[in-house]
Amino acid sequence: MPEYSQPVDTHLAWTWQGSAEPEALELTRIAVPQLAAGDVLVRNEVIGLNPVDWKVFSPGLVDWEKGHVPGVDGAGTVVALGEGVDQSWLGQRVAYHQSLLKPGSYAEHTPVAARALMRLPDSLSFETAASLPCPALTAWLAIEKLPIINGAPLLISGAGGAVGHYLVQFAAARGFAVTAMCNPRHWQRLQTLGAQTCIAGPLPSGNTWPEEKAASFFAVIDSVNEDHAARLTPALKANGHIIAIQGRLTEWPCAPFGRTLSMHEVALGALHWFGDDDAWHQLTAAGEKIMLDLATKRLVAEEAVVSDFDKLPALLNQLRHRQFSGKPLILVNP
């Protein structure tokens with residue numbers, strides 16, 4: 001039983017009805033989930049929308065039943081505690097990344113494992129906090145794969161997206177010489193964030209990295225897809241690193257005892273299944289440091305695209321079809 005009673009019994013939530021279409025979500029009044037041991041109840045103030053949100057709507061990608069509440073990112077206030085949770089969490093302003101298999105952030109309240117919570121600095125808004133978990137923590141996991149070598153050339157592919165927005169900043173702060181590969185409309189923004197060079201991308205379908213520019217980079221971080229990551233591997237120097245964020249390489253990109261490349265995959269959601277308390281502590285500590293850097297202007301958040309709770313399906317559908325630039329956010333109770 002919860003150590004503190006839940007403030008309400010029912011709440012409004014957007015629920016999945018089996019359709020791949022975001023606008024098929026239904027706004028329903030449902031019971032507030034009961035808290036398991038180790039969980040807290042967060043009263044959501046702002047919801048962050050991410051591409052993964054609509055990608056998992058296709059039946060079969062996750063084991064959902066109709067009526068499931070989607071959403072992985074949110075920010076709000078802890079209003080109830082499950083068994084075993086430290087009382088200091090009650091009333092805390094927090095952000096979180098939720099498991100796809102648990103009730104999600106598309107609701108007035110979300111049950112979240114206490115170990116996944118990140119405390120907000122006093123000066124940081126709920127809007128900024130809700131914008132960061134999925135993209136910023138994914139970027140942090142990716143950059144953590146690399147040994148720091150000052151001045152080492154690093155190619156970030158798909159740099160114009162939300163993950164790339166943070167990757168460029170993290171990489172530049174660690175001393176890498178960053179080349180951003182993306183649509184030219186993003187170049188000016190990424191240069192202000194620390195990219196030294198910008199090149200057009202992604203590669204045309206079927207094309208590989210040009211032979212005349214082979215062995216140019218110490219590392220490549222790709223957030224397009226596994227095929228695109230594989231086609232970038234000729235860009236790597238000997239002992240280089242390829243990091244795939246969307247998917248994973250299925251074949252080793254070089255012969256044995258050849259360029260001796262290292263392959264890495266990144267999946268933030270995997271921590272919900274395989275991460276122990278130490279892994280979560282490292283992740284949430286990194287998230288709190290990122291939020292502090294945002295609050296003190298050492299990092300720059302994405303430009304926000306804000307809408308009200310009743311417009312959530314429409315904004316998610318616009319995200320799906322790339323009809324705007326910036327980070328889509330939903331105000332739960334404007």
Side-chain angles (χ1 to χ4, degrees), residues 7-8 10-33 41-59 61-62 64-79 93-112 116 118 120 125-138 161-163 165 268-269 301-334:
V8 291
T10 65
H11 66 168
L12 290 174
W14 286 101
T15 58
W16 179 77
Q17 300 300 319
S19 172
E21 299 300 321
E23 294 191 300
L25 291 172
E26 289 187 4
L27 185 60
T28 312
R29 180 165 289 279
I30 60 175
V32 175
L41 189 69
V42 177
R43 183 182 66 229
N44 292 316
E45 298 290 343
V46 182
I47 300 163
L49 304 186
N50 298 283
V52 67
D53 294 350
W54 60 261
K55 289 179 180 179
V56 297
F57 285 179
S58 296
L61 293 181
V62 287
W64 286 353
E65 295 182 358
K66 290 183 180 180
H68 178 83
V69 178
V72 293
D73 282 357
T77 304
V78 176
V79 294
R93 301 167 69 245
V94 298
Y96 62 86
H97 182 272
Q98 177 69 309
S99 167
L100 287 170
L101 297 185
K102 291 186 176 181
S105 60
Y106 288 11
E108 292 180 308
H109 301 82
T110 302
V112 182
M118 296 171 285
L120 274 60
S125 69
F126 283 122
E127 288 87 347
T128 300
S131 75
L132 76 88
C134 191
L137 295 179
T138 297
V163 175
H165 179 91
L268 176 58
E302 293 181 89
E303 182 178 351
V305 178
V306 183
S307 194
D308 292 340
F309 192 58
D310 62 344
K311 303 297 194 303
L312 187 155
L315 187 60
L316 185 61
N317 193 54
Q318 291 172 37
L319 173 65
R320 180 186 185 186
H321 295 289
R322 300 183 179 183
Q323 293 177 346
F324 59 86
S325 296
K327 180 65 181 183
L329 302 171
I330 296 294
L331 302 181
V332 179
N333 292 298

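Residues take their numbers from the sequence shown, with the count starting at 1. Heavy-atom basis, side chains included; hydrogens, waters and symmetry copies ignored.
Judged purely by atom type and a 3.5 angstrom limit, W54 has no side-chain atom pairing as donor or acceptor with the backbone of L49. N44 contributes a side-chain N or O that, together with a main-chain N or O of A107, makes up a donor-acceptor pair within less than 3.5 Å. One N or O on the side chain of S105 and one on the backbone of D73 form a donor-acceptor pair closer than 3.5 Å. In this structure a side-chain-to-backbone donor-acceptor pair under 3.5 Å is missing from K327 to V306. Remark: the backbone N or O of L100 is paired with a side-chain donor or acceptor of W64 at under 3.5 angstrom. Q98 places no side-chain N or O within donor-acceptor distance of the main-chain N or O of G71, the cut-off being under 3.5 Å.
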Check against side-chain contact (heavy atoms from CB on, under 4.5 Å), V332 and E45: CA-CA 5 Å; V332 179; E45 298 290 343; 5.8 Å; no
Audit row: L25, W16, side-chain contact (heavy atoms from CB on, under 4.5 Å) steps and yes/no: CA-CA 5 Å; L25 291 172; W16 179 77; 4.3 Å; yes
Residue pair L268, V72: steps toward the side-chain contact (heavy atoms from CB on, under 4.5 Å) verdict: CA-CA 11 Å; L268 176 58; V72 293; over 6 Å; no
From CA spacing to verdict: side-chain contact (heavy atoms from CB on, under 4.5 Å), L316, E21: CA-CA 10 Å; L316 185 61; E21 299 300 321; over 6 Å; no
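Annotation: R322, atom CZ; neighbour count of heavy atoms from other residues, nucleotides and ligands within 6.0 Å does not exceed 12. For CD of E303, the number of neighbouring non-hydrogen atoms (other residues, nucleotides, ligands) closer than 6.0 Å is 12 at most. The neighbour count for Q323 CD, taken as heavy atoms of other residues, nucleotides or ligands under 6.0 Å away, is above 12.
The shortest side-chain heavy-atom distance between H68 and L101 does not fall under the 4.5 Å cut-off. Looking only at side-chain heavy atoms (C-beta outward), L329 and S131 come within less than 4.5 Å of each other. With a 4.5 Å cut-off on side-chain heavy atoms, P33 and K102 do not count as touching. A 4.5 Å side-chain heavy-atom check between H165 and P135 finds every atom pair outside the cut-off. Under the 4.5 Å side-chain criterion, counting only non-hydrogen atoms from C-beta, V112 is not in contact with V94. Y106 places a side-chain heavy atom less than 4.5 Å from the side chain of I47.
If you take CH2 on W14 and CG on D310, they are separated by 7.0 Å, rounding to the nearest 0.5 Å. The line from CG of N317 to NZ of K311 is 14.5 Å long, rounded to the nearest 0.5 Å. Annotation: the span from I30 atom CD1 to E108 atom CD amounts to 10.0 Å, rounded to 0.5 Å.
Taking all atoms of both residues into account, the shortest heavy-atom contact from T15 to G67 is CG2-O, 3.5 Å. The nearest pair of heavy atoms linking G104 to T110 is O-OG1, 2.9 Å. In terms of heavy-atom proximity, K66 sits nearest to G18 at CG-N, 4.2 Å. The heavy-atom pair separating L315 from S307 by the smallest distance is CD2-CB, 3.9 Å. Closest approach of L319 and F324 over heavy atoms only: N-CE2, 3.5 Å. Minimum heavy-atom separation, L120 to S125: CD2-O, 4.1 Å.
Ring-plane geometry between H11 and H109 is classed as tilted, the angle between the planes lying from 30 to 60 degrees on a 0 to 90 degree scale.
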